[in-house]
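One structure is given here, and the rest of the page talks about it.
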2 protein chains.
Amino acid sequence: MATLADVARRAGVSQATASRIINGSAKPVTERLRVRVLAAVEELQYVPNAHAQSLARSQRSAIGVIVHDVSDPYFAEITRGLQRVATEHGRLVIICNSYRHPERELEYVELLRAQQAAAIILAGSGYHDAQFTRSLNSKLQVYERTGGRVTVIGRHQHASDAVMPANESGGYLLGAELFRLGHREIGVIAGPRLLTTTTDRLAGLRRAARDYSRPLRHVAYADFDRDGGAAAAASLLAQRPQLTAIAALNDSMAIGALAYLRSAKIEVPAQISVIGFDDMPIARDVTPALTTVRLPLAEIGARAMTMALDDSLRDRPPRIEEIGCEIVRRESTAPPP
Amino acid sequence: MATLADVARRAGVSQATASRIINGSAKPVTERLRVRVLAAVEELQYVPNAHAQSLARSQRSAIGVIVHDVSDPYFAEITRGLQRVATEHGRLVIICNSYRHPERELEYVELLRAQQAAAIILAGSGYHDAQFTRSLNSKLQVYERTGGRVTVIGRHQHASDAVMPANESGGYLLGAELFRLGHREIGVIAGPRLLTTTTDRLAGLRRAARDYSRPLRHVAYADFDRDGGAAAAASLLAQRPQLTAIAALNDSMAIGALAYLRSAKIEVPAQISVIGFDDMPIARDVTPALTTVRLPLAEIGARAMTMALDDSLRDRPPRIEEIGCEIVRRESTAPPP
DNA sequence: TCAACCTGGGAAAGGGCTTTCTTCAGCTAC
DNA sequence: GTAGCTGAAGAAAGCCCTTTCCCAGGTTGA
């Protein structure tokens, strides 16, 4: 691997000069040397060692992102937004999948600190686990104290900059929509109990139930994915066949529920309504097209990255951006039969 | 940020000793010092600077992956496989989205070289662009010459280790399935002409057409995504309403086609059959469930990462792994009306 | 008792780059 | 002619680690 010293030697200049030319430093250099050095760079196919640069400059540039799983459409969309902004700013993004293992999240914070990440963006749901939250917070604080920036998406347990999707009011919208249509007994497919996203959305749903004076007795907790949704729909209906609507706390689970209902030959929305949450891109392409609560996922990602990169925020009180959601009515909901 | 020197000072030992203890070096150290150093690490919340380590060890560890777009389900699945294997080996993955801009691919190769990536995995389709291919090849060769490993997925233009999805024979399967069902005039929704994935799959399809002595006159080229597929389906049918089947060269486009057909009130598969390619997870959840050619995407990713990490392959002739595909019959195909 | 050998620990040399501090040549100005 | 600049280039320090090499003190064996 060619080094700067090689380039300098070949061009017959000092390393200092070579470095200045390659980095377009402010210090003026004669055109003659510039040409020679650039020629040497070309001939040797020289690329500066990023680690050495980062060490010498002691300036951080990469941005770390911790998600549950990039291949989940929810995070894929958020990541798309994150990447767009990062690329615009010429920043490298390091993506870490925690696969919903809290310990792995802790490990990744350390890893990103070791990598001298300029900022860490936590893009997965928070956990109801006081001990974990404490150790995560302490790790994040250490990171911030050493100059790192932290931005979270939808986690209220951390005193850092945050982009907060309106999970609670989205949950309310979800419930209100069904109750307004006249449904009285609805089944809820919730995500893992441990996730704050689940409880936030559920809280909104419960509030809607209170406002409309409806019970909310049938809640099934499942994995936040398609198969979890399918299984939960099955168990919900086995337990309570009279349900006229199913509210899933994310689209993946709603799609799973649709799959189950199709296999069980139950008509949607004629016999039962289904509503989701998130409005992932695929929601409009399933049949019936999914009524859901829209969250502008890519925008959430973009905003989080923008905050993380905004250095003027340094040493100010954490800023919180609320992101609203809206109902998107498609074909999977109707009044009860 | 605490440094090793801080730790050593606090523990009252030399940096050398501290380093040895922290890294669990082979050199024996007394228990007394070990305890003191680890305590200092804990108190200072010390994390070694990864850049300094990489510099000192001059050993590469991260793996670079260049995809078109992680948020595309096709790449999301591949990436999932890649990540799984990388994590098992304790390797960091740097994901780069080229968004199908060849120049950006070139830039990312440089960037990954600068980052001292141990390997680069090129996971997007190749381009029909001789000049680009040449410059990419030359950049990759430079990278390999300096000890980097290159693994490509589905690109035949590079003389490196490769995982090759059977795009051509998958295309054949695609066509054969429709012709066997009795379709005589089929419309093809192809991806961008510039991509080798498009032409490979199309070549298989043409071969099937020859074998079954059927014409293949209606090919629409479009973006490799849902909206491209919808637009292409519309133009195909505007041009030739008698078509009884549409073969899309990937599932996203097939789903777009289904969306268009639904909006145009054309029944699938009663009036027209639709077949896709890839078998993305969502293919089974659209209605009608999509008949498609299955490619084990996550496994492709896993194999590519395994090859990239397999050091025993160093200095051997490049290894090529073929990955077969199979037809998955669901509900979007039927004999012509 | 002394040479030969371990052993655990430290000093210091890198690794590749940036950047400050110097140096030196070439000018201007008196 | 020389003091005083200015501008361009180089020397060298420093970023944070790892690892080789070396040393002192303690063992062992003859």
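Labels below follow one simple rule: chain letters A, B, ... track the order of the sequence lines, proteins then strands, and each chain is numbered from 1. Since we're looking at a predicted model, the values are computed, not measured.
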For A:S19 and A:Q15, indicate whether the former's side chain and the latter's backbone hold a donor-acceptor pair under 3.5 Å.
no
Considering only heavy atoms from C-beta outward, does the side chain of B:V67 approach that of B:I78 to under 4.5 Å?
no
Tell me, which of residues 108-115 of chain B have any heavy atom that sits under 4.0 Å from an atom in DNA chain C?
none
Where B:P165 and B:G154 come nearest, the two heavy atoms and their spacing
CD-CA, 3.5 Å
What residues 37-58 of chain A contributes to the DNA chain D interface at heavy-atom separation below 4.0 Å is A:L55, A:A56
Would you mind writing out the side-chain donor-acceptor pairs for residues 129-138 of chain A within the sub-3.5 Å range, not counting sequence neighbours?
residue : atom : partner : partner atom : Å
A:D129  : OD1  : A:Q131  : N            : 3.2
A:D129  : OD1  : A:F132  : N            : 3.0
A:T133  : OG1  : A:D129  : O            : 2.9
A:S135  : OG   : A:Q131  : O            : 3.1
A:S135  : OG   : A:F132  : O            : 3.1
A:N137  : OD1  : A:H158  : ND1          : 2.5
A:N137  : ND2  : A:Q157  : O            : 3.1
A:S138  : OG   : A:S135  : O            : 3.4

Between which nucleotides of DNA chain C, 5' to 3', does chain A make heavy-atom contacts below 4.0 Å?
C:dG16 to C:dC21
Which heavy atom of B:T151 sits nearest to which heavy atom of B:A304, and what is that distance?
CG2-O, 3.8 Å
For the helix from C:dT1-D:dA30 to C:dC30-D:dG1, what angle separates the axis at the start from the axis at the finish, each from five pairs, in steps of 10°?
60°
Which residues pass the ring-ring contact (aromatic ring centres under 6.0 Å, His included) test with B:Y74, not counting sequence neighbours?
none
Does anything in residues 111-127 of chain B form a salt bridge (Lys or Arg N to Asp or Glu O under 4.0 Å)? List the pairs, not counting sequence neighbours.
B:E110-B:R113
So, B:S125 side chain and B:T196 main chain: donor-acceptor pair closer than 3.5 Å or not?
yes
When you measure from the side chain of B:H51 to the backbone N and O of A:Q115, does any donor-acceptor pair fall under 3.5 Å?
yes
Which salt bridge (Lys or Arg N to Asp or Glu O under 4.0 Å) pairs, counting each pair once, include a residue from residues 73-99 of chain A, with sequence neighbours left out?
A:E77-A:R80, A:R80-B:D69, A:R84-A:E88
Check the pair A:V37 / A:V7 against side chain to side chain contact (heavy atoms under 4.5 Å, CB included), numbers first and verdict last.
CA-CA 7 Å; A:V37 168; A:V7 172; 4.2 Å; yes
Mind jotting down which residue pairs meet the salt bridge (Lys or Arg N to Asp or Glu O under 4.0 Å) criterion with at least one end in residues 42-68 of chain B? Sequence neighbours excluded, please.
B:R10-B:E43
Are the side chains of A:V93 and B:I95 in touch, meaning some heavy atoms are under 4.5 Å apart?
no
Residues forming a ring-ring contact (aromatic ring centres under 6.0 Å, His included) with B:Y143, sequence neighbours excluded:
none
Which of residues 10-28 of chain B sit near DNA chain C, with a heavy atom under 4.0 Å from it?
B:V13, B:S14, B:A16, B:T17, B:R20, B:K27, B:P28
Could you name each residue pair satisfying salt bridge (Lys or Arg N to Asp or Glu O under 4.0 Å) that touches residues 18-40 of chain B, not counting sequence neighbours?
none
